[in-house]
Trainee: 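I am attaching a structure below and will ask some questions about it afterwards.
Numbered from 1 within each chain, the chains take letters A, B, ... in sequence-line order.
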Amino acid sequence: MKYDFSKIEPKWQKIWEEKGAFRAVDFDKRPKYYALVEFPYPSGAGMHVGHIKAYSGLEVISRKRRMQGYNVLFPIGFDAYGLPTENYAIKTGMHPRVVTDKNIEKFTSQLKRVGFSFDWSRVIDTTEEGYYRWTQWIFLKMFEAGLVFRDNALVNYCPHCKVVLSNEDSQGGKCDICHSDVVQKSKTVWYLRITKYAEKLLEGLEKVDYLPNVKQQQVNWIGKSTGAFVDFTIKETGEKLRIYTTRCDTLFGVTFMVIAPEHPMLEKNRALLRNADALDAYKEECAKKTEFERTQLVKDKTGVKVEGLTAINPVSGKEIPIFISDYVMMGYGTGAIMAVPAHDERDYAFAKKFGADIIPVIKGGDIETGAYTGDGKVINSGFLNGLTNKKDSIAKMLAYLEEKGVGVAGVQYKMKDWAFNRQRYWGEPIPIVHCPKCGMVPVPYEDLPLRLPKVENFEPGEGGESPLAKIESFVKCKCSKCGGDAKRETDTMPQWAGSSWYFLRYIDPNNDKAFADSDKLKYWLPVDWYNGGMEHVTRHMIYSRFWHKFLFDEGLVPCDEPYAKRTAQGLILGPDGEKMSKSKGNVVDPNDVVDEYGADVLRTYVLFMGDYASAAPWNESSMKGCKRFLERVSDLSELVGKGSPSDKVDVSIHKTIKKVSSDIEDLKFNTAIAAMMTMLNEIYDAGTLTKDQFGLIIRLLCPFAPHLSEELWQSIGGNGLCSLAPWPEYDEEKTKDSEIEVAVQVLGKLRATVMLPADCDKETALETAKKDPRVVPFLDEKTIVKEIWVPGKIINFVVK
RNA sequence: GCUCCUGUGGUGGAAUUGGCAGACACGUUGGAUUUAGGAUCCAAUACCGCAAGGUGUGCAGGUUCAAGUCCUGUCAGGAGCACCA
């Protein structure tokens, strides 16, 4: 059959759509399967082939599952709020709504041309009222639960764009939009108290099936550490200065303390400070430093001694000085540390610069050359002396501290609370009203959605205010509690908001009574398999797990972990081996590929080009191999009925069914396709094929090249749609060759291969091998001291 | 600095529990077909060597009958976190 993709692809796409072939059916009797891919941000540039690869993995899984008899939910949508659209709007004067609709239209047509089996009846768009209404609703639930708070914080601010930037948008200390230097600015911002869920987020990882590196990254991001809080006494005031440490076993080696420049203790005891001016100056200097400077100058320690306050070591009773330094941060632990220069590199560097004492308390290092962080015998430490195990010393010290009431075991997390707002227009308005009498008042649930007002000008205001702040009709409002005049919050939510719960909305996308019906949630959740990019493993995934766990605690979802399984695909690089980007001009548009080669070739190629999880450069000539492959499959139809049925072909097909079936489950699409190519070569060698055998091959290929498969399925009179035909089963007996090739080694070196019956016993095998003319010369005049026989694999003679 | 991942032909990449390194594909070379180009088909293609044979999975060691795979050290590249007390 001639392979004319330009005819058959639109034909079958139309039929699938008309028949609703890929609709997921709520409450269906078949077992359910929820496959989820990360929904795209509809940028103006359109999709590139990287998107296609990202979706092709679970596309194959979904199609296979349907053929295996599952009720599959494989949805798609658009994560459409965000900066690029807004910046484009500022530049062109077009409204973000118009831009977004246009982009979504383009993405949709691109996705449809590739023939993905998404359930298009469940498409969602995070910027639609019907959607963001529920994003706001969940936010209010969190507000009610005390998970939302406001605090003053240093934010990244671009003085040129007059915009507050997220960390992601200001990498390297440069503004992502105009590339000028970002400065730190103090601002009141909204936070979600994600740290309250730190332990749950960590524990939950134990029962989910994520790739090991995905789990590892989340564990690192949460960053749990176990240690102790220890109270030092301030000599002049008698108050306690609490520190956090993971090494309380080194308490006797503490020779000074360091507190963050912003530590409240300074303000509180200002009257006692003899060098308040110097301390203030240092604090101000630190505030001016950008995030970039602070992290780049890590080696060079700076600080100022606090004159007028002295601390007392709670175990040794020694008086020690206190310093302020920016290497101690208010945001972690208690904002104060005990410094043990003999056993901590940062403390050592600081002590050297400021001339503080260095007392070793663990044997093993040399305080002249640097800090010793290893294990060893405890010295100079009173009751701890002589212990050699760090664990024991820590336990003994902790017991002592607790008995004396000056310390307590504790844990800390690196993860910080989630700064949850942007001073931008194109985002979900935060549904809170500021009332001079009642304070922060939530917008009543029945008033949701709090709509984004139509504005003409999206430029942010002076001092990093949201464009919404300029819309008087939006800002001016009544307090729902007291009815008095109030002001509306004008910040919007960050891009991560809408994507934190989108997988729930697919389950019931048109519900206007709830974010989703609870019975439907019960039926579909959890997501059985979630695939996406490594770049979303920390932020998006942690955020959405956090929202989900919150909803679970509120009794609104039936399970505490949203994703049962998580995998990740690798990037597609440009033909030059560089990351695809518009500025480098190495972006490949899937539409161009579909035009020239067809969707089936594109789909096959993105999965064949390499290991699914690794990055691989785009190589157009390699794609020709995939085209040839599909053409050769198509040409098989001319072989059907020719010659007499061959057992060899049967074995080849059944072996391939077995390999393809298991490779797909492991995301090893490249070897699955390679196996089909090998099978094809074997069939052409045999020169014969039955119609039944062809039917198996067509169905096996269907998840990869569904259009061609449908066409061939129809040509052999297959029942119904190939996409919904049963997945081919293999017969274990038929996967075994009657004769196998076994390698013969002498002293571990390959000398020959021999053909043996599959069920050959050891003796026969060894005898056959010994007689092989290629082996004989190597055994001649030698004594065989050992004979190794690995059935079906190898024979090795050890000779002397 | 910490955590994790990856180093295999000219290229992308294969290789269950340690068991024939280089599957499959691209590219290249030769041949067939063709007016020509293209397409297609056949053959060859890790390296050295005419051959017998030898050498080969970043590098150096080790364990083993047998190592791409396990162990120790080391180098290179990538990703994430980053003064985390």
Trainee: Could you check whether A/Ala336 gets within reach of a base, just the sugar-phosphate, or nothing at all, counting any heavy atom under 4.0 Å?
Mentor: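 Answer is nothing: A/Ala336 stays at 4.0 Å or more from every strand.
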
Trainee: Looking only at atom C1', what distance separates B/U40 and B/U57, rounded to whole Å?
Mentor: 36 Å

Trainee: Across all strands, who's sitting opposite B/G27 as a Watson-Crick or G-U wobble pair, both distances under 3.5 Å?
Mentor: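 Paired with B/G27, as far as the under-3.5 Å criterion goes, is B/U45.
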
Trainee: Find which nucleotide of RNA chain B each of A/Val742 and A/Phe797 is nearest to by heavy atoms, and output the residue with the more 5' nucleotide.
Mentor: A/Val742

Trainee: What's the gap between B/G68 and B/U55 when it is taken at their C1' atoms, as a whole Å value?
Mentor: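 Looking at atom C1' only, B/G68 and B/U55 are 16 Å apart.
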
Trainee: Give me the distances for all protein-to-nucleotides 51-53 of chain B N/O pairs that come in under 3.5 Å?
Mentor:
none

Trainee: Hey, does the side-chain of A/Asn213 have a donor or acceptor N/O within less than 3.5 Å of a partner on the base of B/C4?
Mentor: no

Trainee: Mark yes or no for a side-chain to base donor-acceptor pair under 3.5 Å between A/Glu741 and B/C20, with no hydrogen or angle criteria applied.
Mentor: yes

Trainee: Anything under 30° is parallel, anything over 60° is perpendicular, the rest tilted; go ahead and classify A/His343 against A/Tyr372.
Mentor: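 Perpendicular: the ring planes of A/His343 and A/Tyr372 meet at over 60°.
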
Trainee: Quote, to the nearest angstrom, the P distance that separates B/G78 from B/U72.
Mentor: 25 Å

Trainee: Enumerate the ring-ring contact (aromatic ring centres under 6.0 Å, His included) contacts for residues 658-689 of chain A, please, sequence neighbours excluded, ordered by first and then second residue.
Mentor: A/Tyr612-A/Phe669

Trainee: Please measure how far the C1' atom in B/C70 lies from the corresponding atom in B/G19, and state the result in whole Å.
Mentor: 14 Å

Trainee: Quick one: sort the A/Phe350 and A/Phe354 rings into parallel, tilted or perpendicular, breaks at 30° and 60°.
Mentor: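 Parallel.
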
Trainee: Salt-bridge test for A/Arg346 and A/Asp344: reply yes if a basic N is under 4.0 Å from a carboxylate O, no otherwise.
Mentor: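 Yes, charged N to carboxylate O under 4.0 Å.
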
Trainee: Taking the side chain as everything from C-beta on, heavy atoms only, tell me whether A/Ile259 gets closer than 4.5 Å to A/Phe323.
Mentor: no

Trainee: By the 4.0 Å heavy-atom rule, please label A/Thr753 as base, sugar-phosphate, or nothing.
Mentor: base

Trainee: Flag the pair A/Arg628 and A/Glu631 as a salt bridge only when some basic side-chain nitrogen lies within less than 4.0 angstrom of an acidic carboxylate oxygen.
Mentor: no

Trainee: Given B/U40, is OP1 or OP2 found less than 4.0 Å from the side-chain N or O atoms of A/Arg628?
Mentor: yes

Trainee: Say whether A/Asn681 and A/Thr678, considering side chains only, have a donor N or O and an acceptor N or O under 3.5 Å apart.
Mentor: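 Checked: A/Asn681/A/Thr678 side chains show no N/O donor-acceptor pair below 3.5 Å.
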
Trainee: Under a 3.5 Å cut-off for both contacts, is B/G38 paired Watson-Crick or G-U wobble with anything, and if yes, with which nucleotide?
Mentor: none

